[in-house]
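Step one of this worksheet: look at the structure below.
Numbering of ligands and ligand atoms starts at 1, following listing order.
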Amino acid sequence: MSLVNTRMVGQIAVLEINSPPVNALSVQLRSDMLKALTTIAENTDVAALLLHCAGSTFICGADIREFDAEPLSPHLPEVIARLENFPVPVVALLHGHVLGGGLEVAAACHYRIADPQTNIGLPEVSLGVVPGAGGAQRMMRLVGVENAVQLATSGRAVKVTQPEYNAFCDALLSDTSFSHLEGLLALGLHWVELALQKGELVPRATANMALDQGEVDWEALTAKVARSAKSNPVPNKLLAQLQRDLCLSVQESESHTRHLFLELRQSLVAKALRHAFFLEKKLQAPRGKQPLRIDQVGVIGAGTMGGAIAICFADAGFKVVLLEQSEQALSAGLERIKVQYQGSCDKGRITQQQCDVRISLINGSCDYSDVADVDLVIEAAFESMEVKQSIFAKLDEVCKKSSILATNTSYLDINLIAQATARPESVVGMHFFSPANIMKLLEIVNADQTAPAVVEAMQQLAKKLRKQAVTVGVCFGFAANRMYSRYGREIQQMLLEGASVEQIDNAMLDFGMAMGPLAVLDLSGIDIGHNARAQYPQPEYDPGYFKVSTALVNAGRLGRKTGLGFYNYSTAKPTVDQEVAVLIKKVGDELGIPQQHFNTESIQQRALLAMISEAAQVIEEGIVSEKEAIDLIWLHGYGFPRAKGGPMFMAEQYGIGSLQAKMEKMRELQGEKIWPSLELAQYINQD
Ligand code: COA
């Protein structure tokens, strides 16, 4: 069955692409398009061609699933050349997303008309490749060099109505009367008919348009791209290529970016980014058949976390009751929320109307009876079992029977929290990461008695909140904090063995982590983890276990909030503090920890080994049921470099033999309890 349909409407040939869900340019679609174009070109009755897509969107780019195999003919540049050199005017009718190869197709058409809600973008760099069919070069001619380069190197989509991209479309079909695709198509056909009648439509190749180079500050652009691309080298490669080719024709320059595309397609970075793309889709796939019945939510606690959770729900359009103990704490919390929303509005991230609506969705209260009728309550109070149990007992008393009761605890045993209620089946963990309205990761904690329907509802809810959710079981720190703690333990152990604070942070920054682990501790407060650990016995088999944190807390160095932590914050730029080195050395000496020499590679490797070791245990114990959850946690919870795919993706690249040998060595040095022997082959794919 062909993926395209053609029909005549008067003198207009309508070519409809129908390849759900996103009309990706698979080899079959490319081939069907070429066949259809040949037939239409032979028909002398055709005065114009209208190209549009069925379904919710225009073409969303290459079919990423084909990237692991050899590229098959016909290739996209061939389809694009055929469209650009078509004998009659070609008009692209755009809606939904026009991405990657989709934008390259649209840019090669002679005219573009669009629904104003359309998004356009060249996301190739976020998949480790570059637009390989002249899309960036044609966009330079349509919207100017700088705007096109920004689009192609950022990988971000923009609204077609954004002023910088005005010249991309010849018309916006902004008639509000259409509500369906047929309406849009009717408007598109009308536009083409009218333009034909007026004699305004002629074939015109974008590639032949003059290039206005304008005043581009390439140096500044290069620095900006390098800053935002972080550990992904591809945006800068693309930028350099486009700059080098500026004086060349589209065809010549396109052949260079095509070559780059083919070269990059099989690179490790591209594979890692594809891995990240598909694991996100897999874990976000809709689960459960029951419609989600959550309209109104309650949030207990208007502190930093509770406030951010309230924002997260209001952003997604939910009504929120924000509950606090005192009027004073409540008004301070509501004020923080207002300031935050106004800040987003001032920065242009949301409109004033959106800002007002979202603020109005959050209502404060100090009276538990105001959460009696909500469908879901999320408790974000002080991290203490006693406090949480008393809140849950109260919620159980006041909330309607169908309410789901969720806790945002990071470490506490949710089974014990559930015991404070007479409905443990309705109790679940919803573990947000700070700041809750920004961080994408959400752990849904399935406690022993949580009903499957409750877990399903949380998974559906996560999608509405635009979160990347992983479902995990109960253990200390659940999956995410438990793995992060293991990473933290290894970092602190390396400090005790002689690595310096700046060596560690620089090595992990160089690895691509969003922040150095010790700078993170300073930011969040060294006492937070220290207090959480203090409630549990110190593991006797690990004498150095977070002893550096203990020493810093005892010295009153709690991090940024006290002006002193691993770094000194008394000046605008944090500085390394010799006192910390002395403190660490003292602890190491007291424990008799053998010293060794570290370099960037050895620090990175040891940190990664610890992540992989704990991840394998988390899978082995059934704390996560899908192993993809591990990489998702690291990518979205802890700033792991996306271009490296995640610890489990990296483990696959290392190979099991090599990992086993390295872990065995650590086991000999530090013992079986810290480096248990694991059946890695069960959790790590092997080629
Ligand atoms: N190739 C192959 N499959 C694709 C795809 C592509 N370019 N883009 C999306 N899909 C698949 C998804 O994997 C998902 O499959 P599933 O239903 O089996 O899980 C399905 O299409 C729907 O995608 P989803 O992301 O869930 O839909 P959405 O409406 O939330 O978002 C897009 C749609 C197009 C914005 C988003 O999918 C996207 O950004 N895709 C990538 C586009 C891209 O990078 N193109 C350039 C390639 S070089």
Side-chain angles (χ1 to χ4, degrees), residues 3 17-30 53-69 71-72 75-77 79-80 94-107 115 117-136 139 151-160 181 232 234-235 237-238 254 257-258 260-267 269-288 316 440 459-460 462-469 626 628 632 636 642-643:
L3 298 177
I17 293 174
N18 188 3
S19 180
V22 296
N23 294 309
L25 285 158
S26 60
V27 63
Q28 193 199 331
L29 177 55
R30 300 194 300 267
C53 288
S56 60
T57 181
F58 192 73
I59 302 166
C60 290
D63 190 327
I64 306 169
R65 289 165 305 182
E66 290 180 355
F67 277 14
D68 283 329
L72 295 175
H75 304 295
L76 187 57
V79 180
I80 283 188
L94 311 175
H95 75 294
H97 305 281
V98 181
L99 301 177
L103 188 65
E104 298 190 288
V105 165
D115 168 9
Q117 295 306 318
T118 308
N119 295 310
I120 58 169
L122 290 167
E124 284 86 346
V125 292
S126 12
L127 287 160
V129 290
V130 297
M139 286 302 281
L151 201 67
T153 54
S154 71
R156 268 185 233 114
V158 295
K159 278 261 173 302
V160 78
L181 200 52
N232 179 359
V234 176
K237 277 193 186 162
L238 174 61
E254 179 181 327
T257 35
R258 177 82 192 157
L260 192 56
F261 165 77
L262 292 172
E263 184 186 296
L264 290 170
R265 209 167 162 268
Q266 290 315 319
S267 68
V269 167
K271 283 184 183 165
L273 291 168
R274 285 205 287 281
H275 163 80
F277 176 83
F278 283 118
L279 72 87
E280 285 165 359
K281 297 290 160 218
K282 183 175 172 196
L283 295 186
Q284 248 196 354
R287 302 168 193 222
K440 283 236 160 239
Q459 289 166 338
Q460 287 177 326
K463 192 153 184 180
K464 273 200 152 183
L465 297 176
R466 303 170 79 89
K467 295 288 179 200
Q468 288 285 343
E626 292 157 308
E628 290 84 353
L632 197 92
H636 290 290
R642 196 174 171 85

Kindly confirm or rule out an N or O of [X] lying under 3.5 angstrom from an N or O of ligand 1.
X: Leu99; value: no
X: Val22; value: no
X: Leu127; value: no

Does any part of the side chain of Leu29, heavy atoms only, come nearer than 4.5 Å to the side chain of Asp63, both counted from C-beta?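 Result no, sub-4.5 Å side-chain heavy-atom pair not found.
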For the residue pair Val160 and Asp115, establish whether any side-chain heavy-atom pair is separated by less than 4.5 Å.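 In short, these two side chains do not touch, never coming nearer than 4.5 Å.
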What is the closest protein heavy atom to [atom], and at what distance does it sit?
atom: atom 42 (C) of ligand 1; answer: Cys60 O, 3.3 Å
atom: atom 38 (C) of ligand 1; answer: Phe277 CE1, 4.2 Å
atom: atom 21 (O) of ligand 1; answer: Pro21 CG, 3.3 Å
atom: atom 29 (O) of ligand 1; answer: His97 NE2, 4.9 Å
atom: atom 7 (N) of ligand 1; answer: Ala62 O, 2.8 Å
atom: atom 25 (O) of ligand 1; answer: Lys281 NZ, 2.7 Å
atom: atom 48 (S) of ligand 1; answer: Glu124 CG, 3.7 Å

For [atom], is there a protein heavy atom at a distance under 4.0 Å?
atom: atom 17 (O) of ligand 1; value: no
atom: atom 1 (N) of ligand 1; value: yes
atom: atom 31 (O) of ligand 1; value: no
atom: atom 44 (O) of ligand 1; value: yes
atom: atom 40 (N) of ligand 1; value: yes

Could you list the residues that satisfy ring-ring contact (aromatic ring centres under 6.0 Å, His included) with Phe67, not counting sequence neighbours?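 By the ring-ring contact (aromatic ring centres under 6.0 Å, His included) rule, Phe67 matches Phe261.
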Among Val125, Leu127, Val234, the one residue meeting side chain to side chain contact (heavy atoms under 4.5 Å, CB included) with Leu264: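 Running side chain to side chain contact (heavy atoms under 4.5 Å, CB included) over Val125, Leu127, Val234 with Leu264 returns exactly one hit, Val234.
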Going by side chain to side chain contact (heavy atoms under 4.5 Å, CB included), Pro131 matches just one of Glu104, Met139, Arg258. Which one?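 Going through the options one by one, the only one that passes is Glu104.
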Taking the side chain from [X] and the backbone from [Y], do they hold a donor-acceptor pair closer than 3.5 Å?
X: Asn23; Y: Ala54; answer: yes
X: Arg265; Y: Ala69; answer: yes
X: His95; Y: Gly55; answer: yes

Given salt bridge (charged side-chain N to carboxylate O under 4.0 Å, His left out), test Glu66 with Arg30 step by step and report yes or no. CA-CA 13 Å; Glu66 290 180 355; Arg30 300 194 300 267; 3.8 Å; yes
Any ion pair linking Glu263 and Lys237 (charged N to carboxylate O, less than 4.0 Å)?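 Here Lys237 does not pair with Glu263 in a salt bridge, since their nearest N and O are not under 4.0 Å apart.
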Atom indices of ligand 1, in the order listed, that fall short of 4.0 Å to a heavy atom of Pro123: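 Within the 4.0 Å cut-off of Pro123, ligand 1 contributes 43 (C), 44 (O), 45 (N), 46 (C).
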